[in-house]
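Encoded as structure tokens, the structure appears first; notes follow it.
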Amino acid sequence: MLNFFSNWVDVIGVPGEIIGYWIAVGLTLCMLSFLYKDNPFFKLAEHLYLGISNGYWLVYVWQAVIKPELLGRIIPTYIFDPLEQTELYNQDANYLFILPGLLGLFLLLRLIPALGWLSRWSLAFYIGWGAGVAIPTYMANYILRQATATFTPLFGMGNGEPYSFYINNWLIFVGVLSALVYFFFSVEHKGVVGHVSKVGIWTLMLAFGASFGSTVMARVSLFIGRARFLIEDGGSGTLYYPFYIQLALIIIMAVILYFVGRGKGPAKPEEGSA
Amino acid sequence: MTNFFFNLPRQFIYLIIALAVFIPIILGMEMDVIPAPEAEAVFNIIEDLPDGSVILFGQDYDPSSEPELTPMTTAFLRHCFLKKHLVVSVNVFTVDGVGLGQMAFSKMEDEFGVVSGEDYVYLGFRPGVANSIRAINSDITNYYKTDANGVPSASMPIFEKVKNGKDVDFMLSIAAGATPEAWILYGASESGYPMAAGCTAVSFASYFPFYNSGQMKGILGGLKGAADYEELLVRNYPEMKEKSMFAKKGMVSQSWVHILLLVLIILGNISFIRERAITRRGGKA
């Protein structure tokens with residue numbers, strides 16, 4: 001977005017990059033305003049994001065995929081510039097690409113109920129190809145390699161490996177075994193099986209805890225990134241204005257958003273209305 | 001006191017978290033970063049490869065993960081270009097990330113004077129994760145007819161040295177989703193190149209089985225992974241101290257928030273236990 005505005009220079013005597021920056025600041029504050037409560041500014045920013053993303057998708061896929069990679073291979077002389085893209089212009093037409101093009105079009109025919117059945121051909125081809133490609137490599141990389149990685153030495157301390165090596169191996173061994181027992185439902189979880197499956201639950205809880213901790217860290221990182229953007233101009237580290245002016249403007253924008261957005265959120269359902 | 005914690009408005013918690021994030025950035029505070037072994041492993045591979053090696057770089061993220069993964073990308077690309085490696089980059093995740101890839105390489109052009117088509121090429125996005133990766137295994141320019149800017153790829157000097165996945169010396173996928181697994185399944189296992197992943201902190205824990213099995217040679221996890229890489233870069237290349245190292249700066253805010261959250265969790269639990277005890281005694285909380 002900033003790049004777009006950087007090309008749009010001096011519209012009102014202010015470099016376009018700065019206009020883009022302040023629009024981005026405003027939209028950031030609109031998004032953050034959701035933390036207070038749902039409001040029209042958040043909705044506006046949310047819808048803008050979705051709209052711009054979809055528009056970008058459409059244009060990029062047409063320009064970088066459908067035009068050069070599909071139409072360009074079937075009718076290159078109509079698609080490419082003979083002077084700027086000479087090698088692509090001169091390539092031989094490959095009419096085999098009509099077939100995937102048709103399969104792609106069939107997918108869109110779901111929008112026409114009478115012809116919707118044709119989309120099943122495309123899906124059948126896609127699923128068949130996907131399964132054929134994925135199953136052997138899944139077996140090799142997800143099951144065999146991962147199973148092999150659990151066959152680790154559990155004994156032999158004093159052979160030069162640090163103690164932590166054996167502790168890790170024991171943790172992997174016990175953790176994998178107990179988690180597998182927990183998911184083994186053909187036997188009632190009583191006695192030894194019950195105890196082992198309890199260890200399995202603890203292993204799973206530890207894994208979930210690690211994932212949750214990482215997720216919290218990730219969300220905080222995203223906020224840090226936005227904070228950096230608000231303070232340091234999108235990561236370039238160059239302030240357009242002295243920092244105190246920038247901070248004052250951000251606070252003023254936040255206060256305006258607060259007061260204008262106050263009371264404009266969706267009405268809470270009245271008690272008993274459900 | 002118990003009621004105080006239960007009745008605390010959530011906006012108050014947001015406010016103190018915001019202060020914990022903003023204050024260190026405004027004051028420009030920094031802290032020491034101790035690189036994790038799995039981040040060091042990635043750095044050492046790039047460092048030990050002979051100059052001019054071929055690096056395949058999956059820039060597999062979009063703006064929603066930009067704060068975590070752009071600092072990682074910047075640090076990694078700086079390292080590659082300091083070592084004069086050739087970088088072939090694609091995005092197999094989403095179209096939305098292409099602009100970020102172009103910005104990252106444009107920054108590298110400014111910093112290192114690298115040239116598109118000679119020192120690096122950014123091929124952008126094509127739909128289909130598996131077929132894009134498999135196409136790289138066999139013939140890159142036959143699948144990616146143009147780079148992300150629409151420039152024909154076949155005549156680029158970089159592709160005189162890099163024809164397909166067999167010519168790749170190392171692969172890193174910096175990813176917001178599960179594309180590193182796809183790179184293992186369809187890329188590394190078929191072409192045989194060593195690979196590593198850079199991921200958001202959310203995915204960090206889930207990639208350790210691949211690190212333990214040796215399918216990934218290293219992992220960069222979230223902003224901390226980026227900070228680790230920046231730290232290693234500064235240690236080995238003192239001239240990099242002059243560059244903006246955002247992930248390291250972000251670590252102070254990250255640590256403050258983590259401490260704050262720990263305190264809040266402990267206080268919340270104390271309040272909960274205390275209230276439960278009062279209720280059991282028949283009193284009013």
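Protein chains get the first letters and strands the later ones, always in sequence-line order, with residue 1 at the start of each.
For B:Lys249, the part lying near chain A is the side chain, with the backbone staying farther off; criterion is any non-hydrogen pair under 4.5 Å. For chain A, no part of B:Ala182 is nearby; none of its heavy atoms comes within less than 4.5 Å. Heavy atoms of B:Gln215 lying under 4.5 Å from chain A belong to its backbone as well as its side chain. If you measure heavy-atom distances from B:Ser206 to chain A, you find no contacts under 4.5 Å at all. Residue B:Ala20: no heavy atom, backbone or side chain, is found under 4.5 Å from chain A. Interface remark: A:Ile172 contributes side-chain atoms only to the contact with chain B (heavy atom separation under 4.5 Å). For A:Ala207, no part lies near chain B; criterion is any non-hydrogen pair under 4.5 Å. Proximity to chain A is absent for every atom of B:Asp110, based on heavy atoms less than 4.5 angstrom apart. Heavy atoms of B:Pro71 lying under 4.5 Å from chain A belong exclusively to its side chain. Both the backbone and the side chain of B:Val98 come within less than 4.5 Å of a heavy atom in chain A.
Among A:Arg73, A:Gln63, A:Gln91, the residue making the largest number of heavy-atom pairs under 4.5 Å with chain B is A:Arg73. The most heavy-atom pairs under 4.5 Å with chain A, out of B:Asn149, B:Asp96, B:Thr74, B:Thr94, come from B:Asp96. With respect to chain A, the highest number of heavy-atom pairs below 4.5 Å among B:Glu181, B:Lys224, B:Gln102 belongs to B:Glu181. Between chain A and the options B:Met251, B:Glu190, B:His258, heavy-atom pairs under 4.5 Å are most frequent for B:His258. Between chain A and the options B:Ala154, B:Pro24, B:Ala247, B:Gly221, heavy-atom pairs under 4.5 Å are most frequent for B:Ala154. Highest contact tally toward chain A, considering only B:Ser189, B:Gly150, B:Ala205, is held by B:Ser189 [criterion: heavy-atom pairs under 4.5 Å]. Comparing A:Tyr56, A:Phe80, A:Phe212, A:Tyr138 by how many heavy-atom pairs each has under 4.5 Å with chain B, the most go to A:Tyr56. When A:Ser214, A:Pro68, A:Gly225, A:Ala149 are compared by the number of non-hydrogen pairs under 4.5 Å with chain B, A:Ser214 comes out ahead. No other option in B:Val202, B:Leu223, B:Val21, B:Leu185 has as many heavy-atom pairs under 4.5 Å with chain A as B:Leu185.
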Inset, instruction - Check step by step if side-chain contact (heavy atoms from CB on, under 4.5 Å) holds for B:Ser173 and B:Met171. - result: CA-CA 7 Å; B:Ser173 170; B:Met171 192 274 154; 3.7 Å; yes
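Interatomic distance, CE of A:Met31 versus CG of A:Leu48, reported as 9.5 Å (0.5 Å rounding). From B:Arg10, atom CZ reaches atom NZ of A:Lys37 across 10.0 Å, with rounding to the nearest 0.5 Å. Taking CE of A:Met217 as the reference point, atom CD1 of A:Ile224 lies at 9.0 Å (rounded to 0.5 Å).
Within the 4.5 Å cutoff, the side chain of B:Tyr14 has no heavy atoms near those of the A:Tyr36 side chain. By the 4.5 Å heavy-atom criterion applied to side chains, B:Phe204 and B:Leu220 are not counted as neighbours. Between A:Asn141 and B:Phe210 there is no side-chain heavy-atom pair separated by less than 4.5 Å.
Of all heavy-atom pairs between B:Tyr144 and B:Gly124, the closest is CE2-O, 4.0 Å.
More than 12 non-hydrogen atoms from other residues, nucleotides or ligands lie less than 6.0 angstrom from CE of B:Met29.
Using a distance-only test at 3.5 Å, with no hydrogens or angles considered, a donor-acceptor pair links the side chain of B:Lys217 to the main chain of B:Gly214.
Ring geometry for A:Tyr126 versus A:Trp129: interplanar angle under 30°, hence parallel rather than tilted (30 to 60°). Using the six-membered ring where Trp is involved, B:Phe125 and A:Trp57 have ring planes that are perpendicular, over 60° apart on the 30 and 60° scheme.
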